[in-house]
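Down below is the structure, laid out as C-alpha cells.
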Amino acid sequence: MPQLSTAKIQQLITQKQHLSGALLPILHNIQDQYGYIPKLALPLIAKTLQQTEAEIYGVISFYAHFRMQPTGKHIVEICRGEACQAMGSQQLEQVLKQQLNCDYGQTTKDNSITLEPVYCLGNCACAPSIKVDKKVYGRMNADKFAHLSDQLRHYTIELESTDQGVVNEQTMGKIK
Amino acid sequence: MSINVYIPRDTSALAMGADDVVKALKFQTKLFHLPENKELNIIRNGSRGLFYLEPLIEVETKQGRIAYGPVTVDDVSSLLEHGILQGKTEHPLCLGLTKNIPYLAKQQRLTFARAGIINPLCIEDYLAHDGFKGLNKALTLSSQQLVDEIKNSGLRGRGGAAFPTGIKWQTVLDEKSCVKDNAKQPQKYIVCNADEGDSGTFADRLLMEADPFSLIEGMIIAGLAVGATQGFIYLRSEYPQAKIILKQAIQLAYKKHYLGQNILQSGKQFELELRLGAGAYICGEETSLLESLEGKRGLVRAKPPLPAIEGLFGKPTVVNNVISLATVPIILAKGADYYQYFGMGRSRGTLPFQLAGNIKQGGLVELAFGTSLADLVNDFGGGSYSGKPIKAIQVGGPLGAYLPQSQWHTELDYEAFANIEAVLGHGGIVVFDDSVNMAQQARFAMEFCSIESCGKCTPCRIGSVRGVETIDKIINDDNSQQNLELLTDLCDTMVDGSLCAMGGMTPFPVRSVIKHFNDDLMPTAQQQGEEI
C-alpha cells in the first residue's frame, strides 16, 4: 500500500480525471491502492471535479463496494442471494460469524479478516459461495472455511501469474 | 507436437479449484513421461456451462475433445495413470466426447456456440469459429438495413424486460432532433448492461469470460446501426474475473483494429470502454446505470424521457444486456430468418436458462423458448442436489415469482409466464427443496428491496421496510389475517406506485408465496380453517 499522501492521492485522481463521468473510476482507483477511500481524498476529488465534498460523500455512501475505513488483511464476503440460500447459506452465515467471532461490517480481533455480505457472485450453480478478496469459492461449508480462514490468518498469500503471460489477479497463489 | 489440454478459467471453474488442478497437472506430468516429442499445452478456455462437472478437463484427440470431470487435485495422478493425455477413456471420470455429453448435445447453442470451445483471448481462435462474420456483413449494410435485420429477428431484450431490441435501436437511429446543426451527427452511445445482479443468473458472466469478442462484436454492430461511436460496458464489481478478461479482450480488439477510429479500414469509428459498478443491485436498472456511469448516485430516473432519446449525458443511448448484444453477431452472420425460426409465439430465438440453487446438475442450458420448467429441472438438472423433493422454483431473479409444482409445466415463454403472474426475466432458475420455509423467502424479498432500493420513490423505500415488518407479524401470528390484508394492499401500492421494477416487482415473489404457499405463511390460520 502506498503511503497516505496528498500528492499520491492527487496523482490517482489525475489519472482518471479526463474520463467522462470520472467519479466512479477515480474512487475505484483510490480504493484499489489503499483498500479504502481516505477522508483526505474528499476535498481533493471535490476540487478536481468542481463538486462539493457532500456530493462526493453522497456517491461513496450510496455504493456498498466503497468504504471509508481500512479493512482487515482480507475481505471475506458471504453470498446472501436466493440460490445460495437454497443450499443453506443462512446456516453457513451463522457458523462463519461464530468461527470468526464477528458480524457483518466487522473485522476479526487479529485484523486478518473483515466480514461483509454480498448479493450474488454469479456462482449460483455451485452454491453456497463466498469470496475472499478477488477469488470466489464454491460449495463452501464450515470445515472448508475453517481451513481457509486458518490459511488467511497465518500465511501470506501471494498473487501470481498464470498461463499465457496473463496476470490472473484471482489466482490464490503459493503459500509461503 | 503438443498435447492440447483445456482447463477453464471461468469463475465457477476456479471456484471449484481449476487453478489447483492446473498446477497439479503441470507438476505431475513432469513425473510421468510424456510420449516422445510431445509437450503439454494447457489452454485456459471459458466454461462450457456444465458447472456440475467443473473443473472439467478436455483433451484434444483426433476424434474430438474428450472430457473428464469433475476433477479434483487428488484425481490428477490416477487420471495420468489411466492415460488422460492420450485421450484414453478408461478412467471413471471420463465422460467421452464433450460434444456428446447429453446435457450439451441436447442444447441449441446460438449465442453460446463458442463458449468453452475457444480460448477467450485469442482473436485467431474467434475468427476460426465464425467470429466477426456478423461484423463483416454489417459493414456492407446501411444503418437502416441493420436495424431492420434485428427487428426481423424478433430479438427481445435478454436482461429481463424483453423489449424488442430492433425498436429500441430504431428510436436511437431516428434521434437527430437534438442537434440544431443538421449537418453534424449528434453524439450517441451504446451502453452494455453487464450489471448481472439477479441471484441465480450467470449467463452474462459466463459469456464475458468464455467469448468476450462476441459481446464486443455485437456492440460494434449496434454502433454502426444507430450511428454511435462510443460504447461503455458497465460491469458489476462482483465479477473480477470477467473484468480481467474483458479488459484484455478490448485491448486486443483495438490492436487488431476492430475497435478505434477506422474499423477494418472501413472509415467507421467505434470506441469501447470498460467501467466498473460498485455493488449496487439497482444499477442494473437502465436509468440508474446511466446515472452511475455519469458519476452519480445510482438513483432511478423517471421515464419519459426514454434513454433512447435522452440517455447517457442527455444523449440518445442504446442500453442493452450482454446476451442481447452478444446475440447480434449470429443474427447478422446467419440472417434474421435463421434466428427467428427458433422459439414460440412472440418469444423468438433462444434463451440461456441458468439452473441454480439446490440442483444436482446446475449450469447453463441454451434452448429455444417453449420448453417447460419441469423438463429443464428434471431432464437437465437431474432433480435437487439434496435428493429431497423440490418444493418451489424461483424464476427470473429476486423479483420473480416462486412457482409451485402445479405451474412447472408452463411453457418458458414471456407471455405464458406473464399470464401466471410470473416472469422469465434473465432466465435464472433457482430450485428449492422441501426444507425451505416460504414465509422466510417472502420476507427476504422485502428485505432485499429495503437493502437495495435507491430510495428515490416512497413505495419502494418505505414499502419494503413495512413489508418486512408486516410479514414478521404474520409469521408471529400477530393479527395475521388483518396483516395479510395489509400486506396485500402494500403489494398493490408498490406495484402501482413505484418508479421502476425494483419496487414494482418485489411484490411478485411475495404474492406468489401468499397465493401458493400459504401453509408456510400462516400455519395456525390454516389449522383453524381446517377445524371449521
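Just so we're on the same page: letters track the sequence lines, and every chain starts at 1.
Within residues 27-60 of chain A, the residues approaching chain B closer than 4.5 Å by heavy atoms are, in numerical order, A/His28, A/Gly58, A/Val59.
Residue A/Tyr119 holds its OH atom at 14.5 Å from CG of B/Asp198, rounded to the nearest 0.5 Å. Rounding to the nearest 0.5 angstrom, the gap separating the CG atom in A/Leu19 from the CZ atom in B/Arg275 is 5.0 Å. Residue B/Gln440 holds its CD atom at 9.5 Å from CD of A/Gln85, rounded to the nearest 0.5 Å. Distance OG/A/Ser20 to CZ/B/Phe232: 4.0 Å, rounded to 0.5 Å. The CZ atom of A/Arg139 lies 4.5 Å from the OH atom of B/Tyr385; values are rounded to the nearest 0.5 Å. Once rounded to the nearest 0.5 Å, the distance linking SG of B/Cys283 with CG of A/Leu24 reads 8.0 Å.
No more than 12 heavy atoms of other residues, nucleotides or ligands sit less than 6.0 Å from atom CZ of B/Phe27. Counting heavy atoms of neighbouring residues, nucleotides and ligands inside a 6.0 Å radius, atom NZ of B/Lys296 exceeds 12 of them. By the neighbour-count criterion of 12 heavy atoms within 6.0 Å, atom CD of A/Gln69 is sparsely surrounded, having that number or fewer from other residues, nucleotides or ligands.
For the residue pair A/Gly21 and B/Phe313, the shortest heavy atom distance occurs at N-CZ, 3.7 Å. Scanning both residues, A/Ala86 and B/Gly357, for their nearest heavy atoms gives CB-CA, 4.1 Å. A pairwise comparison of heavy atoms in A/Tyr63 and B/Gly298 identifies OH-N, 3.3 Å as the closest pair.
No part of B/Tyr281 comes within reach of chain A, as not one of its non-hydrogen atoms sits under 4.5 angstrom from that chain. Interface remark: B/Leu276 contributes backbone and side-chain atoms alike to the contact with chain A (heavy atom separation under 4.5 Å). Within the 4.5 angstrom heavy-atom criterion, no atom of B/Gln354 approaches chain A. Contacts between B/Ile282 and chain A at a heavy-atom distance below 4.5 Å involve the side chain alone, from C-beta outward. Heavy atoms closer than 4.5 Å to chain A are found in the side chain of B/Gln441, but not in its backbone. For B/Gln230, no part sits under 4.5 Å from any heavy atom of chain A, backbone or side chain. Heavy atoms of B/Glu294 lying under 4.5 Å from chain A belong exclusively to its backbone. Contacts of B/Thr201 with chain A are made by backbone atoms alone, with heavy-atom separations under 4.5 Å and no side-chain atom involved. Neither the backbone nor the side chain of B/Ile245 comes within contact range of chain A; no heavy atom of the residue lies under 4.5 Å from a heavy atom of that chain.
No side-chain heavy atom of B/Ile244 sits under 4.5 Å from any side-chain heavy atom of A/Lys134. No side-chain heavy atom of B/Val430 sits less than 4.5 Å from a side-chain heavy atom of A/Cys124.
Comparing B/Gly428, B/Gly17, B/Gly197, B/Ser292 by heavy-atom pairs within less than 4.5 Å of chain A, the highest count is held by B/Ser292. No other option in B/Ala203, B/Gly362, B/Ala356, B/Ala18 has as many heavy-atom pairs under 4.5 Å with chain A as B/Ala356. Interface check for chain B: of the options A/Ile130, A/Leu23, A/Val118, the most heavy-atom pairs under 4.5 Å are formed by A/Leu23. Across A/Ala127, A/Gly81, A/Gly122, the residue that shares the most heavy-atom pairs under 4.5 angstrom with chain B is A/Gly122. The candidate with the highest count of non-hydrogen atom pairs below 4.5 Å against chain A, out of B/Val436, B/Leu364, B/Asn358, is B/Asn358. Of the listed residues B/Phe444, B/Tyr52, B/Phe202, the one with more heavy-atom pairs under 4.5 angstrom with chain A than any other is B/Phe444.
Listed by first and then second residue, the salt bridge (Lys or Arg N to Asp or Glu O under 4.0 Å) pairs that reach into residues 97-121 of chain A are A/Arg67-A/Glu116, A/Lys97-A/Asp103, A/Asp110-A/Arg153, sequence neighbours excluded.
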Candidate pair A/Glu82 and B/Tyr402, rule side chain to side chain contact (heavy atoms under 4.5 Å, CB included), full reasoning: CA-CA 11 Å; A/Glu82 284 89 342; B/Tyr402 287 96; 3.7 Å; yes
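No donor-acceptor pair closer than 3.5 Å links the side chain of B/Ser199 to the backbone N or O of A/Cys120.
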